[in-house]
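These notes are about the structure you will find just below.
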Amino acid sequence: MALSQVFHEGKKNCTMSMDNLTVVVEFILLGFSDLPKLQGFLFGVFLSIYTSILIGNGLLIVITKIDPGLQTPMYFFLGNFSFLEICYTSVTIPRMLADLWTQKRTISFVACAVQTCFLYILGVAECLLLAVMAYDRYVAICKPLYYPLIMNHKVCVRLVVASWVVGVPVLVEETYQIFCLNFCGPNKLNHVFCDAPPLIELACGDTYQREISVHVAALVFVITPFLLILISYIKIITTILRLPSTSGRSKAFSTCSSHLMVVGLFYGSGSIVYLRPKYSHSAGSVKVFALFYTTVTPLFNPLIYSLRNKDVIAALRKLLPK
């Protein structure tokens, strides 16, 4: 059964007991409606950002596939991460562009549920893949003699597949429960895409348990990978500081710096949105940080890895015409 059918059936089941209530069948994404004179400008900005994300991450995927010098686990994970970035932004930006162009901001109940579900599945996959990339650097630096044995191609493929699928059952159920809430009043979401915090604010009745559930899921799928990354880098830094030569330490740090920058961008903005107390939320700041981790991080990912990595720069020079 398709995901949209699951949520459609779920919506019917969830609303069977809602007699004498006005059931919301669609939402209105307010987005940037408070900036009517800037709609055309914002459309151009986000179209440029989306195009840059597609081209930049697409180039990284191509060079990690075809360049002989980049056939290592680190670049295998980077290629998959770039593909994930394209998928992640494609869940939100095309819809945002359509809303800016047509000024029609409505989204059906089922479409909103599907967007939310894919946003969470891909977001969690990104968190887990970042943890996998940190583990790869840990093995490469702390256990270099065992690296080819531990990080063989079969293990790498399994780690990538696990990153994609491990959170799917929990996140589908979590999204289902969010959309089983009673939406019987206002249907205007003060956000740029469908997301749990603004949706829960619109729900009727007591939403405390659902808010706790969302925070628990965020702790499990956001904080746990972050702690694994943190532990990996503590061990990496400890090992690097023991290296006798300055050049060796510099080279080891350079292989990790790009990954650390991406981790900081993604986790920093995502944690502010999903782990802040409800009372500290403001619609404007939530929209800014949501846009930051859904657009800015994927935009800078190719720049961070290409500008700070000699192997990637060399591969790009081979691929692109002079």
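Computation of the quantities below employed the complete heavy-atom set of this structure, encompassing side-chain atoms and omitting hydrogens, waters and symmetry-equivalent molecules.
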### Task
For P298 and N57, work out which heavy atoms get closest and say how close.
O-ND2, 3.1 Å
### Query
Under 4.5 Å between any side-chain heavy atoms of C127 and F266, yes or no?
yes
### Value rounded to 0.5 Å, distance of OG1 in T72 from CZ in F77
9.5 Å
### Task
Check whether any side-chain heavy atom of I121 sits under 4.5 Å from a side-chain heavy atom of V172, and report yes or no.
yes
#### Entry: Under 3.5 Å donor-acceptor, Q115 side chain and C194 backbone
yes
### Task
Verify the cluster assignment for L30 and I93: are they in a single hydrophobic cluster under the rule of side-chain heavy atoms below 4.5 Å apart?
no
### Query
Which value, rounded to the nearest 0.5 Å, describes the distance between L84 atom CG and T89 atom OG1?
9.5 Å
Atom pairs and distances, side-chain donor-acceptor, residues 35-46, under 3.5 Å, sequence neighbours left out:
unit_1, atom_1, unit_2, atom_2, d
Q39, OE1, Q103, NE2, 3.4
Q39, OE1, R105, NH2, 2.9
Q39, NE2, F32, O, 2.7
Q39, NE2, L35, O, 2.8

### Between S90 and Y50, a side-chain donor and acceptor under 3.5 Å
yes
### Query
Is any side-chain heavy atom of L29 less than 4.5 Å from a side-chain heavy atom of M96?
no
### Task
Sorted by first residue and then second, give each disulfide bond (SG atoms under 2.5 Å apart) pair with at least one member in residues 147-176; sequence neighbours left out.
none
### Query
Out of I49, T92, V192, V296, which residue meets the side-chain contact (heavy atoms from CB on, under 4.5 Å) rule with L291?
V192
#### Entry: Flag side-chain contact, heavy atom, 4.5 Å: L60 against N301
yes
### Message
Less than 4.5 Å apart, side chain to side chain, heavy atoms only: is that true for V91 and F193?
### Response
no
### Exam field: side chain S108 to backbone A111, donor-acceptor pair closer than 3.5 Å
yes
### Message
Would the distance check show the side chain of D67 and the main-chain N or O of T64 forming a donor-acceptor pair, the cut-off being under 3.5 Å?
### Response
no
Compile the donor-acceptor pairs under 3.5 Å between side chains in residues 223-239 and protein atoms, sequence neighbours left out, one pair per line.
unit_1, atom_1, unit_2, atom_2, d
T224, OG1, V220, O, 2.9
S232, OG, L228, O, 2.9
Y233, OH, H259, ND1, 2.7
T238, OG1, I234, O, 2.7
T239, OG1, K235, O, 2.9

### Query
Does some side-chain heavy atom of I150 sit less than 4.5 Å from a side-chain heavy atom of V155?
no
### Query
Do I212 and F221 share a hydrophobic cluster (ILVMFWY, side-chain heavy atoms under 4.5 Å, transitive)?
yes
### Task
Rounded to the nearest 0.5 Å, what's the gap from CH2 on W101 to CG on L47? Could you check?
9.5 Å
### Summary
Contacts of S52 meeting side-chain contact (heavy atoms from CB on, under 4.5 Å) (sequence neighbours excluded), chain-then-number -> L299
### Message
How close do L189 and C112 get, counting heavy atoms only, and between which atoms?
### Response
CD1-SG, 4.3 Å
### Task
Report yes if the side chains of Y147 and D136 come closer than 4.5 Å at any heavy-atom pair, otherwise no.
yes
### Task
Could you pull out the closest heavy-atom pair between I141 and C256, with the gap in Å?
CD1-SG, 3.5 Å
### Query
Which pairs, with at least one residue in residues 155-165 and sequence neighbours excluded, count as a side-chain hydrogen bond (donor to acceptor under 3.5 Å, both in side chains)?
none
### Query
Do the non-hydrogen side-chain atoms of L70 and L78 ever get within less than 4.5 Å of each other?
no
### Query
Where do I178 and A196 come nearest, in terms of heavy atoms and distance?
CD1-CB, 3.8 Å
### Task
Could you pull out the closest heavy-atom pair between P144 and P148, with the gap in Å?
O-CD, 3.8 Å
### Summary
Here the gap from L199 atom CG to R210 atom CZ, rounded to the nearest 0.5 Å, amounts to 12.5 Å
### Query
To the nearest 0.5 Å, how far apart are SG in C117 and CG in L122?
9.5 Å
## Note on the structure
CD1 of I53 to CZ of F300, rounded to nearest 0.5 Å, is 10.0 Å
### Task
List the steps, then state whether side-chain contact (heavy atoms from CB on, under 4.5 Å) holds for K188 with N190.
CA-CA 6 Å; K188 293 182 179 179; N190 193 9; over 6 Å; no
### Query
Between the main-chain N or O of P197 and the side-chain N or O of D195, is there a donor-acceptor pair closer than 3.5 Å?
no
### Message
Would you say L159 ends up clustered with L149 if hydrophobic residues are merged whenever their side chains have heavy atoms under 4.5 Å apart, either directly or through other cluster members?
### Response
no
#### Entry: Common cluster, I28/L97, ILVMFWY with side-chain heavy-atom separation under 4.5 Å
no
### Task
For E174, enumerate each residue passing the side-chain hydrogen bond (donor to acceptor under 3.5 Å, both in side chains) test, keeping only those at least two apart in sequence or located in another chain.
S213
### Message
Using only atom types and a distance under 3.5 Å, with no angle test, would you say the side chain of Q71 pairs donor to acceptor with the backbone of F76?
### Response
no
### Message
Can you give me the closest heavy-atom contact between L171 and Y120, atom names plus distance?
### Response
CD1-O, 3.5 Å
